[in-house]
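In what follows, a single structure is set out as structure tokens and then discussed.
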Amino acid sequence: MMKFVISKFSSGEEGAAAVEFALVAPIFFLLIFSTMEIGLKTLVQSDLDHAMYRTAMQLAVDEDVVVSKADYKQRLVCDPATFSTLDCSKISFGVEALATNARIRGRFNEVFVDRWNTGCGGSNLIVEFAYPSPDILLPFGIADMITIGGDNYIRSRG
């Protein structure tokens, strides 16, 4: 009789599901949260690209008009109807005029977010935006990442 009772308890599978879940759950939750973070970074990158594009197009129209960086930030970048994911106070941007025949290639490590040189009519401009990267699990970005002062930023440049 005792042998039957021992074999009944030793062959039970009551805790098997809990053990399997404990083994699989960390990987499952890591995949879920990583997917959410990549989606958030993609949304931030999209809004940043849109802000860069709007500013570049306005600079093309205003090429001979002297407009301040603060005016561009207020009119184009911080328009509440445009962006849902970006905190305007965290956006850094800048413009650098290049010589007429200069190329943007080879300037990947340069950071232009603190510059404001709109040049004159016919200048080639680099317009660059940076926004702090929302690093939750993954310390990398979707498109272009830069480091400013030890912090990671998502960058949009054109």
*Is Val19 reachable from Phe21 through a run of hydrophobic residues whose side-chain heavy atoms are each under 4.5 Å from the next?*
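In one cluster: no.
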_If hydrophobic clusters are built from ILVMFWY residues whose side chains come within less than 4.5 Å, do Leu30 and Leu23 share one?_
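In one cluster: no.
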*Please answer whether the main-chain N or O of Ile32 pairs with a side-chain N or O of Glu37 as donor and acceptor at a distance below 3.5 Å.*
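Here the side-chain-to-backbone pair does not exist.
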_Could you check whether any side-chain N or O of Tyr131 sits under 3.5 Å from a backbone N or O of Asp87, counting only pairs where one atom can act as donor and the other as acceptor?_
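Looks like yes, one N/O pair under 3.5 Å.
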*asked:* Tell me whether the count of non-hydrogen atoms from other residues, nucleotides or ligands lying under 6.0 Å of CG in Leu31 goes above 12.
replied: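 Above 12, so yes.
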_Quick check: do Pro132 and Tyr153 have side-chain heavy atoms less than 4.5 Å from each other?_
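Counting from C-beta outward, Pro132 and Tyr153 do come under 4.5 Å.
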Show the nearest heavy-atom pair for residues [X] and [Y], with the distance to one decimal.
X      : Y      : value
Gln45  : Ile154 : OE1-CG2, 2.7 Å
Phe129 : Thr55  : CZ-OG1, 3.3 Å
Met52  : Val127 : CG-O, 3.7 Å
Asp49  : Ser156 : OD1-OG, 2.6 Å

*Hey, what do you get for OG (Ser92) to CD1 (Ile148), rounding to the nearest 0.5 Å?*
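If we round to the nearest 0.5 Å, Ser92:OG and Ile148:CD1 are 6.0 Å apart.
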*How long is the span from the CG atom in Leu48 to the CG atom in Leu43, to the nearest 0.5 Å?*
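So the CG of Leu48 and the CG of Leu43 are separated by 11.0 Å.
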*Please step through side chain to side chain contact (heavy atoms under 4.5 Å, CB included) for the pair Glu96 and Leu125, ending with a clear verdict.*
CA-CA 6 Å; Glu96 180 63 29; Leu125 300 178; over 6 Å; no
*Going through the distances and angles, do Ile126 and Val95 end up as a side chain to side chain contact (heavy atoms under 4.5 Å, CB included)?*
CA-CA 6 Å; Ile126 294 177; Val95 175; over 6 Å; no
